[in-house]
Structures are given as structure tokens and as C-alpha cells.
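Single-structure report; data block below.
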Amino acid sequence: MFNVRRYAPETGAWGKLMDRDSAVRKLDWPLLLSCLALSLLGSLLIFSATRNRMELNHGDPYYFFLRHLLNTGIGLTMAAGTIWLGHRTLRGAIPVLYGVSVVLALLVLTPIGATINGSRSWLAIPGGFSLQPAEFAKITITLGMAMILASRVDAGDTPHPDHRTVVQALGLAAVPVLVILLMPDLGSIMVLGAIILGVLLASGASNRWILGLLGTGVVGCLAIWQLNLLDEYQIARFAAFANPSLDPAGVGYNTNQARIAIGGGGLTGSGLFHGSQTTGQFVPEQQTDFIFTVAGEELGFLGAGLIIVLLGIVMWRACRIARETTELYGTIVAAGIIAWFAFQAFENIGMTLGIMPVTGLPLPFVSYGGTSMFAVWIAIGLLQSIRVERPVSASR
């Protein structure tokens with residue numbers, strides 16, 4: 001007999017096509033537009049910081065500006081692809097994605113790994129490009145831990161992850177964490193630690209695990225310090241953070257110049273492309289780690305505040321997505337992304353203000369960097385997918 005339901009608009013390939021069309025209406029537009037605004041604002045700040053840096057821009061003042069826009073476009077495409085595939089579809093591919101991210105991280109420790117700014121955390125790619133595997137590890141650890149912690153809960157077997165499940169999730173996270181620690185890339189380790197804590201908190205795991213991890217982290221930091229496992233440049237950075245007046249022309253130079261730039265901006269700033277610190281090239285790594293100093297100097301408190309407000313909107317919308325989804329897996333993934341973005345933004349802005357140690361973490365969406373841009377836009381794609389694929393009854 002002719003199967004009428006097979007050709008109904010709600011089912012089959014036609015139904016999937018209709019679902020993809022309706023997904024555009026279900027997107028969280030404040031989240032998407034805030035991220036896009038941050039990326040576009042970042043392109044202007046990057047252009048201001050690099051247009052006169054002939055030793056960096058290869059004689060082309062638009063070199064970093066255009067590449068940042070290109071990275072943003074690629075990131076948007078990756079976000080769209082993530083939404084199209086769906087976070088539930090990607091859940092089945094997590095073992096493969098996890099394995100690839102670990103292999104890429106291990107390759108950094110081989111001769112093809114590249115050292116940039118004292119950290120051997122990059123892969124050199126032909127054509128003058130580089131890849132930072134730790135950025136993708138943030139995604140795979142979030143997805144992998146969420147898959148393990150939510151598996152029995154979403155199946156209705158237990159209301160909360162048991163101790164065995166938590167151990168399995170921590171074991172999955174431990175492998176890339178240890179590899180990244182060997183690089184060493186302490187900034188990424190700090191972000192991964194924040195992600196792990198955020199994921200466990202969202203999963204409903206026992207508070208004993210949270211307290212135990214915090215205690216282990218403190219003991220681990222003390223052990224690393226006492227055993228002299230840090231590189232000299234990392235020790236110098238922490239020493240300069242503890243004593244800002246220490247070696248102001250050396251290891252403390254970056255932080256001091258960043259403070260001068262931000263402090264000189266006042267309320268409205270000196271005007272885009274007119275900052276004396278930026279134009280004079282006094283702040284090193286200004287297009288990446290210290291991009292916030294350009295906003296503080298040239299756009300002032302209002303411009304820098306706008307960046308913080310936009311980041312706040314991103315966190316708010318992500319929290320709303322985490323709260324509204326009815327599946328624990330989606331909640332955990334969203335919580336991991338929230339912890340990632342929140343900590344990394346706080347650390348980046350904090351180190352320019354001197355309230356956090358310099359770690360080399362980029363400001364999400366704003367700093368120049370292809371791998372970091374791709375990773376944050378994939379994360380936005382995951383958040384949007386969680387919102388789009390939630391049950392209709394959970395909509396508000």
C-alpha cells in the first residue's frame with residue numbers, strides 16, 4: 001500500500017530540509033550578532049595595532065586586518081556547518097574527534113612542532129600558517145566529558161553521574177591535559193581546568209569531586225613550582241605579576257606598557273588609529289594577547305566597556321541556552337563553553353590590567369589568531385545547535 005506518511009512534510013528528506021529552513025528562525029540572534037560585532041570590532045583594533053608594523057605585516061598595512069576578516073568568515077562557516085550537523089550527530093563522532101585532537105597535540109612535541117613566544121604549542125603548516133591543537137582540545141574535552149557524564153542520566157538510569165562515571169570523564173580529560181602540560185602551555189591548562197570544573201558542576205556530580213579537584217589543583221601548582229618544572233620565562237611572568245615593579249624594562253615591560261595605554265585612554269579615548277602607545281608600537285603582541293589595550297587607549301572606557309558588555313551578552317545567552325535545554329548532555333556542553341569563554345576573557349582582560357598573570361591567552365573573537373577564532377565559532381555553532389534542536393515544549 002502507498003505509504004502516505006513517507007512523503008508528509010514532517011518526515012523524510014523533505015522534513016529535514018524544512019527543519020533546516022526553520023532553524024534560521026530558531027537561532028539565538030543576540031548571541032550571533034554579539035559574536036559578530038566582537039569579531040568586526042576586533043578587526044578594526046587589529047588594523048590599528050598592525051598597520052605601521054612593517055616588520056610584521058610584510059609591508060602590507062591591511063595584512064592582519066584582511067586575514068582576521070577571513071578567519072571570521074571561515075569561523076562563521078564552521079559554525080554554520082556545526083549547526084547543520086547538529087550537536088546530537090556530532091555526539092556519535094566524539095571518539096574520532098577526540099582521537100584526532102590528541103594526535104595533533106602529540107605532534108607538537110615532535111620536530112614539526114613550533115615554538116612561538118617561548119611556548120612550544122604550535123604546528124607549522126606549509127604556506128606560512130600555524131595551528132594550535134590546544135584550542136581544539138577545549139572543544140573535544142567539553143564534548144567528551146559531556147557524553148560520558150550524561151550517558152546514564154539521559155537514559156534515565158540515574159539522576160546524577162556516579163563516581164565511576166566521573167572517574168571515566170576525568171580520565172578522558174587527563175590525556176590531552178597531560179600532553180599540553182608537556183609543551184608547556186599553562187594558559188591553555190588554566191582554561192581546560194575551568195572547563196572541567198564547569199562541566200562537573202553542570203552535570204550534578206558530587207561536590208566532593210569539585211572540592212577534590214580544587215585541592216588537587218592547588219597541590220599540583222605547588223609541586224610544579226617546587227620541582228622547577230616551569231620554564232624560565234614562565235617563572236619570570238609570575239614573578240612580575242607578584243611584583244609589578246620588578247624589571248620594568250624586561251619581563252614587566254608588557255604589563256607596564258599595557259597599563260599606560262589603557263590608563264591614557266580616559267573616558268572616550270584618543271580616537272581610533274590615534275593612540276600614542278599603539279602608534280608608537282610600545283605594547284608587544286598587541287594584535288593578539290594585548291588587543292584590549294588598543295580599545296582602552298583609542299576608544300577609552302566606553303569602547304573597552306562595550307567589548308565587556310558584548311562578552312556579557314554572549315555569556316547571558318549561553319546561560320539561557322544551558323538553562324532551557326531539557327537534556328543533560330546539552331546543558332553540560334553549554335556549561336563547558338560558558339566556563340571556557342568566561343575564564344579566558346577574564347584572564348586576557350585581567351592580564352592587561354595587571355590583576356592576572358600574563359599567560360598568552362587571546363581575547364575570544366577579538367584577538368588575531370586563526371585557530372582560536374575557528375574554535376570559538378565552532379563553540380557558538382554548538383550552542384546554537386543546542387537551542388535549535390531543543391524540544392518545542394522547552395521554547396520560551
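The model shown is predicted, which means the values in this text are computed figures rather than measured ones. Along the sequence shown, residues are numbered consecutively beginning with 1.
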So, do [X] and [Y] sit near enough that their side-chain heavy atoms are less than 4.5 Å apart?
{"X": "I180", "Y": "S121", "answer": "no"}
{"X": "L200", "Y": "M145", "answer": "yes"}
{"X": "M351", "Y": "T255", "answer": "no"}
{"X": "F65", "Y": "T50", "answer": "no"}
{"X": "F292", "Y": "I262", "answer": "yes"}
{"X": "L69", "Y": "L40", "answer": "yes"}
{"X": "L31", "Y": "I321", "answer": "yes"}
{"X": "L38", "Y": "L363", "answer": "no"}

For the atom pair [atom1] ([X]) and [atom2] ([Y]), what is the distance rounded to the nearest 0.5 Å?
{"X": "L109", "Y": "M183", "atom1": "CG", "atom2": "CE", "answer": "5.5 Å"}
{"X": "T77", "Y": "F374", "atom1": "OG1", "atom2": "CZ", "answer": "9.5 Å"}
{"X": "I307", "Y": "I291", "atom1": "CD1", "atom2": "CD1", "answer": "8.0 Å"}
{"X": "M147", "Y": "Q168", "atom1": "CE", "atom2": "CD", "answer": "9.5 Å"}
{"X": "I139", "Y": "W340", "atom1": "CD1", "atom2": "CH2", "answer": "4.5 Å"}
{"X": "R67", "Y": "S43", "atom1": "CZ", "atom2": "OG", "answer": "15.0 Å"}

side-chain hydrogen bond (donor to acceptor under 3.5 Å, both in side chains) evaluation trace for T359 with E347
CA-CA 8 Å; T359 57; E347 163 62 25; 2.8 Å; yes
Output, in order, the C-alpha distance, side-chain angles, deciding distance and verdict of side chain to side chain contact (heavy atoms under 4.5 Å, CB included) for L56 and Q287.
CA-CA 11 Å; L56 296 177; Q287 75 277 14; 4.1 Å; yes
If you link ILVMFWY side chains whenever their heavy atoms are less than 4.5 Å apart, which other residues fall into the same cluster as F301? By chain and number, please.
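Answer for F301: L267, L302.
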Ignoring hydrogens, what is the shortest heavy-atom contact between [X] and [Y]? Give both atom names and the distance.
{"X": "G198", "Y": "A339", "answer": "CA-CB, 4.2 Å"}
{"X": "V283", "Y": "A261", "answer": "CG2-CB, 4.3 Å"}
{"X": "M54", "Y": "R51", "answer": "CE-O, 3.9 Å"}

Can you sort out the partners of F290 under ring pair (Phe, Tyr, Trp, His ring centres under 6.0 Å), two or more places apart, ordered by chain and number?
none
Just jot down the side-chain contact (heavy atoms from CB on, under 4.5 Å) partners of A342, sequence neighbours excluded, or say none.
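M315.
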Quick check on the hydrophobic clustering: are [X] and [Y] connected, directly or via other members, by side-chain heavy-atom contacts under 4.5 Å?
{"X": "L328", "Y": "V167", "answer": "yes"}
{"X": "L213", "Y": "I338", "answer": "no"}
{"X": "L76", "Y": "M78", "answer": "yes"}

Which residues pass the side chain to side chain donor-acceptor pair (under 3.5 Å) test with S48, not counting sequence neighbours?
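S48 satisfies side chain to side chain donor-acceptor pair (under 3.5 Å) with E298 once adjacent residues are dropped.
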Which pairs would a plain distance check flag for residues 92-107, meaning a side-chain donor or acceptor within less than 3.5 Å of a matching protein atom at least two apart in sequence or in another chain?
{"residue": "Y98", "atom": "OH", "partner": "L172", "partner atom": "O", "Å": "2.6"}
{"residue": "S101", "atom": "OG", "partner": "Y98", "partner atom": "O", "Å": "2.8"}
{"residue": "S101", "atom": "OG", "partner": "T140", "partner atom": "OG1", "Å": "3.1"}

Distance-only, no hydrogens or angles: does the [X] side chain make a donor-acceptor pair with backbone N or O of [Y] under 3.5 Å?
{"X": "Q281", "Y": "N52", "answer": "yes"}
{"X": "H68", "Y": "L44", "answer": "no"}
{"X": "T89", "Y": "L85", "answer": "yes"}
{"X": "T142", "Y": "K138", "answer": "yes"}

Can you list every side chain to side chain donor-acceptor pair (under 3.5 Å) pair that touches residues 209-221, not counting sequence neighbours?
H163-W209
Tell me yes or no: between the side chains of E135 and T371, is some donor less than 3.5 Å from an acceptor?
no
Hey, are S372 and Q132 close enough side-chain-wise for a donor-acceptor pair under 3.5 Å?
no
Stepwise side chain to side chain contact (heavy atoms under 4.5 Å, CB included) test for T293 and T278:
CA-CA 8 Å; T293 62; T278 300; 5.5 Å; no
Verdict with reasoning, F47 to F273, per ring-ring contact (aromatic ring centres under 6.0 Å, His included):
CA-CA 8 Å; F47 178 61; F273 312 133; 5.4 Å; yes
Walk me through whether L41 and L299 qualify under side chain to side chain contact (heavy atoms under 4.5 Å, CB included).
CA-CA 11 Å; L41 181 57; L299 304 180; 4.2 Å; yes
